[in-house]
Amino acid sequence: MKEKLYPFEDIEKKWQAYWLGTGLFHMDPKSRRDKYYCLVMFPYPSGKLHVGHGRNYIIGDAIARYKIMKGYNVLAPMGWDAFGLPAENAAIKGGLHPKESTLNNITAMKSQLSRWGVGYDWTREVTSCLPDYYKWTQWIFLKLFKKGLAYRKKAAVNWCPSCNTVLANEQVVNNLCERCDSRVVDKDLEQWFFKITDYAQQILDDLTGLKSWPERVKTMQANWIGKSEGVDIDFPVEGEDFNITCFTTRVDTIFGATYMVIAPEHPDVPRLIKNSAGEQDILKFINSAKAQSRMSRFSDESEKKGIFTGRYVINPVNKNRIPLWIANYVFMEYGTGAVMAVPAHDQRDFDFAKKYHLDVRVVIDDPRAPSAAQPGMNVAYIEDGVMINSGQFNTLPNKSAAGKIAGWMEVEGIGRRSVHFKLRDWLISRQRYWGAPIPIVYCDKCGVVAVPEEDLPVLLPDKVDFKPHGKSPLSGVEDFVNTKCPKCGKKALRETDTMDTFVDSSWYFLRYLSPKNGDSAFDKDIVDKWLPVDQYIGGVEHAILHLLYSRFITKVLADLGFVGFKEPFRALFTQGMIIKDGAKMSKSKGNVVSPDELIIKYGADTVRLYTLFIGPPEKDAEWNDRAVEGAYRFLGRLWKLTSRVNDTERGKNGPGPGDRILERKMHQTIKKVTRDIEVDFKFNTAISAVMELVNRVYTAVENGDTYYAKEAVTNTVLLLSPFVPHVAEELWQRLGNRPSIFSQPWPVYSESKAREESLVLPVMVNGKLRAKIEVDDTASEEQVKAAALADSKVNGYIKSACVKKVIVVAKKLVNIVI
RNA sequence: GCCGAGAUGGCGGAACUGGCAUACGCGUCGGUCUCAAAAACCGAUGAUCGCAAGGUCAUGUGGGUUCAAUUCCCACUCUCGGCACCA
């Protein structure tokens with residue numbers, strides 16, 4: 001073991017205890033200072049944190065400490081997203097009970113967090129698997145249920161016939177069960193949904209107001225919601241008295257529809273094919289499409305396949321008789337589950353038409369090459385153009401025709417404008433043990449009955465057989481299942497599904513404000529004061545689901561009057577992942593780097609500094625164990641430098657030129673670090689700026705320019721304190737100041753002292769760097785130009801050539817074009 | 001496949017609003033110290049041609065705009081994240 005560069009072990013212990021004692025991270029509810037709610041996404045207690053997780057908490061901690069120094073009343077809470085699949089899977093394999101393993105993991109991770117020096121208000125800790133938390137998750141379910149926003153319908157799950165159990169998507173690999181390699185099939189079960197689609201428009205619209213969210217996250221959410229405006233068109237079924245309605249965004253192509261395709265699950269399928277000649281073949285096709293399961297639609301080999309029903313529908317605009325097909329590429333979940341196919345103007349339809357020899361009818365003509373888009377074409381014409389073969393709409397540009405056709409259809413009663421979303425309702429049922437029980441009772445007489453609020457929580461029983469037996473684990477617990485109907489008092493059965501863990505995590509940020517409140521989920525007055533969260537920090541992998549669900553639940557609670565705001569997170573920062581050996585750090589890949597050994601070897605501050613220095617926090621970054629040493633060396637250098645400047649005095653003669661250089665650098669550094677933190681949390685460049693300053697102080701001290709040395713080091717320590725709090729606190733004290741450094745205001749710079757007096761400008765000839773000239777800061781454009789042209793080196797390049805143009809960019813460069 | 005992001009030395013990365021490409025750190029090489037090594041400290045370090053002065057080439061690939069492009073535009077390749085039951 002090599003010698004330590006500084007006694008980080010003692011220092012870190014000492015100051016961690018000190019902060020705990022002084023309550024540095026305790027939010028003061030009575031404070032008059034401005035509030036700042038700094039929230040990091042609470043972790044799933046998976047066992048041990050690795051340095052990849054650490055990035056999230058270190059960034060959050062740096063921001064919290066910075067804001068404390070900026071004078072805010074900071075709330076930085078922490079909790080545990082403690083329900084979930086891994087704990088249950090471990091129990092099935094014969095491990096500990098999920099409750100036990102989860103609580104063990106929490107203890108372990110909590111101690112890891114404190115060793116990292118990340119501070120939280122632990123008096124506000126929440127744990128989603130404990131009854132005092134999930135009671136209120138159940139309460140939220142009841143609120144949605146009573147509002148008509150929770151409902152039951154059949155939906156498919158991944159089913160492994162061999163294991164006799166439901167599988168998570170993650171447990172399905174290439175359509176096979178990860179445990180036994182059996183082919184996974186879809187199985188329809190009656191399940192609970194939250195009607196998030198009712199809020200689709202609002203969730204979409206309110207994205208606009210989220211000014212401090214990353215653009216990419218907003219785009220992803222908008223695309224996920226997937227609003228499209230178009231027309232629902234009714235196609236009468238030949239020989240029947242009902243219509244099939246299809247949704248199209250391209251109503252301008254309606255005259256070109258040559259066939260219709262519906263989803264295998266379309267509700268009209270049975271009556272359409274009943275007793276038909278091809279019934280058996282069609283059923284076979286449908287079964288194989290369903291057996292393909294929802295999982296395989298992402299796989300590339302999934303070919304577009306279809307089968308003719310033998311039936312025809314009538315295109316309502318021109319009474320054309322068009323064949324009705326069933327195909328695996330139409331989904332019941334989107335639109336109406338029926339698509340009018342226009343092969344001439346849609347590539348997917350075109351490919352399908354070619355494959356099955358269906359008609360292609362051109363209705364939009366390419367204006368640049370009229371009549372070029374004709375049969376015989378080998379790709380669909382998807383550009384704009386002029387309407388042809390479209391009755392009274394011929395000769396119109398297709399864009400304006402679309403509106404006219406829609407209007408005409410509404411008048412004729414054959415179609416109507418409509419809006420569809422890709423967003424589907426949120427399936428919250430899980431046939432699992434380790435989740436919050438859904439507070440519902442089924443009574444033969446009264447039907448589906450909500451558990452009364454006063455009977456909450458519906459406790460999760462401890463004694464459960466985890467081994468799969470074809471049903472939800474809770475259904476095997478007699479005491480749990482058998483209950484009395486809250487309405488009529490007769491025998492009734494409990495719902496045995498539990499809730500998706502995303503429900504738990506969609507409201508935890510409200511619970512932090514009154515974590516021990518036994519009377520309500522949260523207190524409206526306090527929550528209204530502290531929300532929305534000022535800064536939310538977490539991984540970009542949550543860009544869609546978690547952030548969408550949280551926004552939805554918040555809006556529901558707002559509509560019910562429980563909260564006075566519609567968006568939970570004012571600002572969002574999504575940090576990148578830590579990569580090791582080219583892959584995301586994860587236990588299963590075996591490439592995790594544990595912080596524990598690194599902290600023992602170099603101290604927490606080194607790990608923190610390296611984590612922040614590794615790269616721009618919003619981007620992925622490759623972890624390098626060797627490079628951690630660089631951060632350690634830097635802290636060692638700073639330690640030595642501090643004792644070196646500690647007893648330097650300001651000379652009587654005042655600052656010399658060398659001192660002024662250091663003074664300027666010091667002000668420039670304060671400026672840059674502050675800016676880097678305020679704008680986008682660019683900790684990596686902030687730290688490199690401080691490193692430059694430290695290098696400069698060394699040079700200055702070597703040269704005997706010590707006038708500003710101590711001041712510069714003092715500011716260095718202040719600037720670094722959010723990043724390396726322990727060593728900063730220690731050096732702050734050693735520099736003769738009273739703790740805590742976090743009760744100090746953030747340093748300020750002077751613009752005039754940061755300004756350079758003279759500039760070195762590059763001079764380019766024909767875009768190539770040829771010379772550098774030194775000019776005064778205040779030099780005019782003409783003066784700069786003259787100086788450049790007078791330069792001997794420059795003249796060597798110009799020689800006798802004629803100077804065409806001289807471009808002077810103020811304070812940047814000179815370019816001479818010859 | 002669809003949606004989103006990214007690609008800069010041997011490596012992590014920097015570059016404000018189109019203006020000196022490679023800051024800062026790692027690694028490597030050379031030196032100081034040492035009996036020696038480690039640590040620490042000092043110096044060099046994009047590639048290439050050249051004794052040198054200096055030249056040429058370089059920001060995933062191919063085009064374009066511009067006095068000037070890592071930055072803007074078009075086309076492409078590869079990598080990563082998400083795709084609704086991992087969280």
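Remember, it's a predicted structure, so these values are computed and weren't measured experimentally. Side chains included, hydrogens not; waters and symmetry mates left out as well; all remaining heavy atoms used. Letters go in sequence order (proteins before strands), and every chain restarts at 1.
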Does [N] have a Watson-Crick or wobble mate here (both distances under 3.5 Å), and if so which one?
N	answer
B:rU34	none
B:rG6	B:rC78
B:rC24	B:rG12
B:rA39	none
B:rG19	B:rC67
B:rC83	B:rG1
B:rU56	B:rA47

Please give, in whole Å, the distance from [N] [atom2] to [X] [atom1]?
X	N	atom1	atom2	result
A:W192	B:rA84	CH2	C1'	20 Å
A:R551	B:rA84	CZ	P	20 Å
A:L548	B:rA87	CG	P	17 Å
A:W159	B:rC85	CH2	P	17 Å
A:F331	B:rA84	CZ	C1'	13 Å
A:N158	B:rA84	CG	C1'	12 Å
A:L609	B:rG12	CG	P	19 Å
A:Y698	B:rA40	OH	C1'	10 Å

For [N] and [M], measure between their [atom1] atoms and round to the nearest Å.
N	M	atom1	answer
B:rG18	B:rC73	P	11 Å
B:rA38	B:rU32	C1'	15 Å
B:rC16	B:rG64	P	26 Å
B:rU59	B:rA37	C1'	41 Å
B:rC24	B:rC72	C1'	28 Å
B:rU8	B:rG4	P	23 Å
B:rA14	B:rG25	P	15 Å
B:rA84	B:rC78	C1'	28 Å

Closest nucleotide among B:rA84, B:rC3, B:rG55 to the A:R770 side chain: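 The listed nucleotide nearest to A:R770's side chain is B:rG55.
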Can you identify which nucleotide, out of B:rG12, B:rC85, B:rA84, has its nearest atom closest to the A:L545 side chain?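 Shortest atom-to-atom distance from the side chain points to B:rA84.
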Between the base of B:rC42 and the side chain of A:E702, is there any donor-acceptor pair under 3.5 Å?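 Flag unset: no donor-acceptor pair detected.
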With a 3.5 Å cut-off and heavy atoms only, can you find an N or O donor on one side and an acceptor on the other between the side chain of A:Q171 and the base of B:rC85?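 Answer no: no donor N or O sits under 3.5 Å from an acceptor.
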Does a side-chain N or O from A:N169 land closer than 4.0 Å to OP1 or OP2 of B:rC83, or not?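 Indeed not, no polar side-chain atom of A:N169 lies that close.
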Respond yes when some side-chain nitrogen or oxygen of A:R430 is under 4.0 Å from OP1 or OP2 of B:rC85, and no when none is.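 So the side-chain polar atoms of A:R430 do come within 4.0 Å of the phosphate oxygens OP1 or OP2 of B:rC85, strictly under.
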Indicate yes or no: does A:E629 engage A:K601 in a salt bridge with an N to O separation below 4.0 Å.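 The answer is no: the pair does not qualify as a salt bridge.
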State plainly whether the residues A:R675 and A:E678 are in salt-bridge range, i.e. N to O under 4.0 Å.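 No.
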Do A:W192 and A:E495 have side-chain N/O donor and acceptor atoms under 3.5 Å apart?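 The criterion, which ignores hydrogens and geometry beyond distance, is satisfied for A:E495 and A:W192.
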Under a 3.5 Å cutoff, is there a donor and acceptor pairing between the side chains of A:D500 and A:Y549?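 Distance-only check fails for A:D500 and A:Y549.
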Residue met sooner reading RNA chain B from 5', once A:L423 and A:R216 are mapped to nucleotides: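 Its nucleotide being nearer the 5' end, the pick is A:R216.
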On RNA chain B, does the nearest nucleotide to A:I614 precede the nearest nucleotide to A:Q431 from the 5' side, or the other way round? Give the residue.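 First, find each residue's nearest nucleotide; the 5'-ward one identifies A:I614.
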Where the chi angle of B:rG9 falls, syn if within 90° of 0 and anti if not: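 Because its glycosidic torsion lies within 90° of 0, B:rG9 adopts the syn conformation.
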Produce a footprint string for nucleotides 19-29 of chain B: one letter per nucleotide, 5' end first; B if the base is under 4.0 Å from any protein heavy atom, S if only the sugar-phosphate is, - if neither. BBS-BBSSS--
Answer with base, sugar-phosphate or nothing: what part of the nucleic acid does [X] contact at a heavy-atom distance below 4.0 Å?
X	value
A:H546	nothing
A:M577	sugar-phosphate
A:E618	nothing
A:W224	base
A:F634	nothing
A:P616	sugar-phosphate
A:S429	base
A:A621	sugar-phosphate
A:L85	sugar-phosphate
A:K422	base

Can the ring centroids of A:F634 and A:F613 be said to lie less than 6.0 angstrom from one another?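 No - the distance between ring centres of A:F634 and A:F613 does not fall below the 6.0 Å cut-off.
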With sequence neighbours left out, write down each residue that passes salt bridge (charged side-chain N to carboxylate O under 4.0 Å, His left out) with A:E618, or none if nothing qualifies.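 Salt bridge (charged side-chain N to carboxylate O under 4.0 Å, His left out) check on A:E618 returns nothing, list empty.
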Within the distance-only criterion (no hydrogens, no angle test), does the side chain of A:Y610 pair as donor or acceptor with the backbone N or O of A:D625 below 3.5 angstrom?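 No, the answer is negative, given that no donor and acceptor are paired below the 3.5 Å cut-off.
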Identify the residue among A:T669, A:T674, A:D676 that makes a side chain to side chain contact (heavy atoms under 4.5 Å, CB included) with A:K672.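 Per the side chain to side chain contact (heavy atoms under 4.5 Å, CB included) rule, the option paired with A:K672 is A:D676, out of A:T669, A:T674, A:D676.
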Measure up the A:F8 and A:Y6 rings against each other and bin them: parallel (under 30°), tilted (30 to 60°), perpendicular (over 60°).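 Perpendicular.
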By the definition side-chain hydrogen bond (donor to acceptor under 3.5 Å, both in side chains), identify the one residue from A:N175, A:N169, A:D186 that meets it with A:N158.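 Among A:N175, A:N169, A:D186, the one that satisfies the side-chain hydrogen bond (donor to acceptor under 3.5 Å, both in side chains) with A:N158 is A:N169.
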Does a side-chain heavy-atom distance below 4.5 Å link A:Q575 with A:N56?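 A:Q575 reaches A:N56 side chain to side chain.
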